[in-house]
Number of protein chains: 2
Amino acid sequence: MIKISRMADYGVLILAELAREPEALRTASGLSDTTGLPEPTVAKILKTLTGAGILRSARGVNGGYLLQKTADQIPVAAIITALDGPICLTACADGVEDSCAVRETCSLKGRWNGVNALIKSALEAMTLAELLESGTEKVQKKA
Amino acid sequence: MIKISRMADYGVLILAELAREPEALRTASGLSDTTGLPEPTVAKILKTLTGAGILRSARGVNGGYLLQKTADQIPVAAIITALDGPICLTACADGVEDSCAVRETCSLKGRWNGVNALIKSALEAMTLAELLESGTEKVQKKA
DNA sequence: CTAAATAGAACTTATTTAGTACTATAAAGG
DNA sequence: CCTTTATAGTACTAAATAAGTTCTATTTAG
């Protein structure tokens, strides 16, 4: 099954919660409470999203996290890339040179690039705001 | 990283080899030789693709496998679905009811359906023949 | 100086995926 | 009608990956 990791899934859930009050600083443990996800995992995801520039953090007492940009400026692709790594269906895609046992004899070198590009651009065109606000409609218009 | 499994990747490679001589019966061990992939794995994939109606098989001496349809009638989606299961990015998508720990509190129920549909239709629109014959060009026209 | 928070890395466990082995069934040919 | 060569199907094992946890360091308000 082609799928994103649970981390990326949780990440979107956490960002959805943060987007409800874009101005408020929220702590890791608070977000764990409201989302129902395990606290250490939430903390880990928040750190990663901060490192990727999607969230801003404040340390110390009264610290916490908030969105760096508004939800309509955050592409879904950025969230997935931050938590899951690059979006590409196969190991032997553009630029990835490692770990293909049959590269020598493989007749498919580079053939997946087009498919990758297609999926990538679909995820780049969609923002967090669109994902949250009405689910299916907006997306299907683009298809 | 969003990715298809190695099985689906190998599957395409094997189908590519079969597509070179669409009329010929090819054995599992022969295909293992020409592709360089381990024989038991090739055999497993061939069985699965036969069960999915993508290949036709003949048992007994002089048996083997061949394509059920021509390469331009086989959608890439069918290959991936056969070997990897349904194409959906998240557990809690259309129809899938199991295994989402936070379903109760989750604010995203069904929100991924549009993204799934988009990716699925991209993979359904592309055939094995297109994937093989020129890689990137045709696909990018569709994007 | 203390308490409450994030930062970062290392480690362990769980889950998933890939690979292997074994048994059954079918067909061709002597 | 028996042997050989092939697929069909299932169950098991091992390896790779992902998820989750823990620990230490750093920052800041009071």
Side-chain angles (χ1 to χ4, degrees), chain A residues 1-11 13-14 18 24-33 35-66 68 80 82-86 90-91 98-102, chain B residues 1-11 13-14 18 24-33 35-66 68 80 82-86 90-91 98-102:
Chain A
M1 169 149 108
I2 294 184
K3 62 167 188 285
I4 59 173
S5 70
R6 227 182 301 180
M7 288 296 163
D9 205 355
Y10 290 176
L13 197 48
I14 292 167
L18 282 164
L25 267 179
R26 310 282 294 273
T27 67
S29 66
L31 287 165
S32 167
D33 289 346
T35 58
L37 302 171
E39 208 241 290
T41 300
V42 171
K44 190 183 194 177
I45 290 169
L46 290 166
K47 289 172 203 171
T48 305
L49 292 174
T50 304
I54 294 170
L55 297 179
R56 215 162 23 145
S57 68
R59 294 171 71 151
V61 179
N62 302 329
Y65 298 89
L66 47 71
Q68 175 94 313
I80 294 176
L83 294 165
D84 263 11
T90 57
D98 59 309
S99 76
C100 179
V102 293
Chain B
M1 166 148 114
I2 294 182
K3 60 166 190 288
I4 59 173
S5 69
R6 226 182 304 180
M7 288 297 165
D9 205 354
Y10 290 176
L13 197 48
I14 292 167
L18 283 165
L25 267 178
R26 310 283 294 273
T27 66
S29 67
L31 287 166
S32 167
D33 289 345
T35 58
L37 301 171
E39 208 241 290
T41 301
V42 171
K44 190 183 194 177
I45 291 169
L46 289 167
K47 287 173 203 170
T48 305
L49 291 174
T50 304
I54 294 169
L55 296 180
R56 214 162 24 144
S57 68
R59 296 170 71 150
V61 177
N62 302 328
Y65 299 90
L66 46 72
Q68 175 96 316
I80 295 177
L83 294 166
D84 263 10
T90 57
D98 59 308
S99 77
C100 179
V102 294

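Chain identifiers are assigned alphabetically (A, B, ...) following the order of the sequence lines, protein sequences preceding nucleic acid strands; residue numbering begins at 1 within each chain. Both backbone and side-chain heavy atoms feed into the values below; hydrogens, waters and symmetry mates do not.
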Just how far, in rounded Å, is [atom2] of [N] from [atom1] of [X]?
X       : N     : atom1 : atom2 : result
B:Ile14 : D:dT7 : CD1   : P     : 12 Å
B:Glu39 : D:dA6 : CD    : C1'   : 11 Å
B:Leu31 : D:dT5 : CG    : P     : 18 Å
B:Ile45 : D:dA8 : CD1   : C1'   : 16 Å
B:Leu25 : D:dT7 : CG    : P     : 9 Å

With rounding to the nearest 0.5 Å, note down the distance linking CD1 in B:Ile80 to CD1 in B:Ile4.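 Those atoms lie 5.0 Å apart.
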
Inter-residue atom distance B:Asp9.CG - B:Asp84.CG, 0.5 Å rounding: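 The distance works out to 9.5 Å.
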
How would you label the contact of [X] with the nucleic acid (heavy atoms, under 4.0 Å): base, sugar-phosphate, or nothing?
X       : result
B:Ala58 : sugar-phosphate
B:Gly64 : sugar-phosphate
A:Ala28 : sugar-phosphate

Distances under 3.5 Å only, N/O to N/O: pair up the protein atoms with those of nucleotides 17-20 of chain D.
{"from": "D:dA18", "atom 1": "OP1", "to": "B:Lys3", "atom 2": "NZ", "distance (Å)": "3.4"}
{"from": "D:dA19", "atom 1": "OP1", "to": "A:Arg6", "atom 2": "N", "distance (Å)": "2.7"}
{"from": "D:dG20", "atom 1": "OP1", "to": "A:Arg6", "atom 2": "NH1", "distance (Å)": "3.4"}
{"from": "D:dG20", "atom 1": "N7", "to": "A:Lys44", "atom 2": "NZ", "distance (Å)": "2.8"}
{"from": "D:dG20", "atom 1": "O6", "to": "A:Lys44", "atom 2": "NZ", "distance (Å)": "3.2"}

Taking the nucleotide of DNA chain D with the closest heavy atom to each, which residue, A:Val61 or B:Val61, is nearer the 5' end?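 This one resolves to B:Val61.
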
Name all residues meeting the side chain to side chain contact (heavy atoms under 4.5 Å, CB included) criterion together with B:Thr48; count only those two or more places apart in sequence or in a different chain, and write none if there are none.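 In terms of side chain to side chain contact (heavy atoms under 4.5 Å, CB included), with neighbours along the sequence ignored, B:Thr48 is linked to B:Leu83.
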
In chain order, what residues pass the side-chain hydrogen bond (donor to acceptor under 3.5 Å, both in side chains) check against A:Thr50, with sequence neighbours excluded?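 Not a single residue meets the side-chain hydrogen bond (donor to acceptor under 3.5 Å, both in side chains) criterion with A:Thr50.
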
If the condition is side-chain hydrogen bond (donor to acceptor under 3.5 Å, both in side chains), which residues does A:Arg26 pass it with, not counting sequence neighbours?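 Partners of A:Arg26 by the side-chain hydrogen bond (donor to acceptor under 3.5 Å, both in side chains) criterion, ordered by chain and then number, come out as A:Glu17.
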
So which nucleotide does D:dG30 pair with, by the Watson-Crick or G-U wobble rule with both distances under 3.5 Å?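 By the stated definition (distances under 3.5 Å), C:dC1 pairs with D:dG30.
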
Just distance, no hydrogens or angles: give the donor-acceptor pairs under 3.5 Å from side chains in residues 38-47 of chain A, sequence neighbours left out.
none

Short side-chain N/O contact to D:dA8 OP1/OP2 from B:Ser57, under 4.0 Å: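 Yes, such a contact exists.
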
First and last nucleotide of DNA chain C in contact with chain A, 5' to 3', at under 4.0 Å to a heavy atom: what are they?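 The contact span of chain A on DNA chain C goes from C:dA3 to C:dT17.
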
Only distances under 3.5 Å count here; give the side-chain donor-acceptor pairs of residues 54-63 of chain B to other protein atoms, sequence neighbours excluded, each with its distance to 0.1 Å.
none

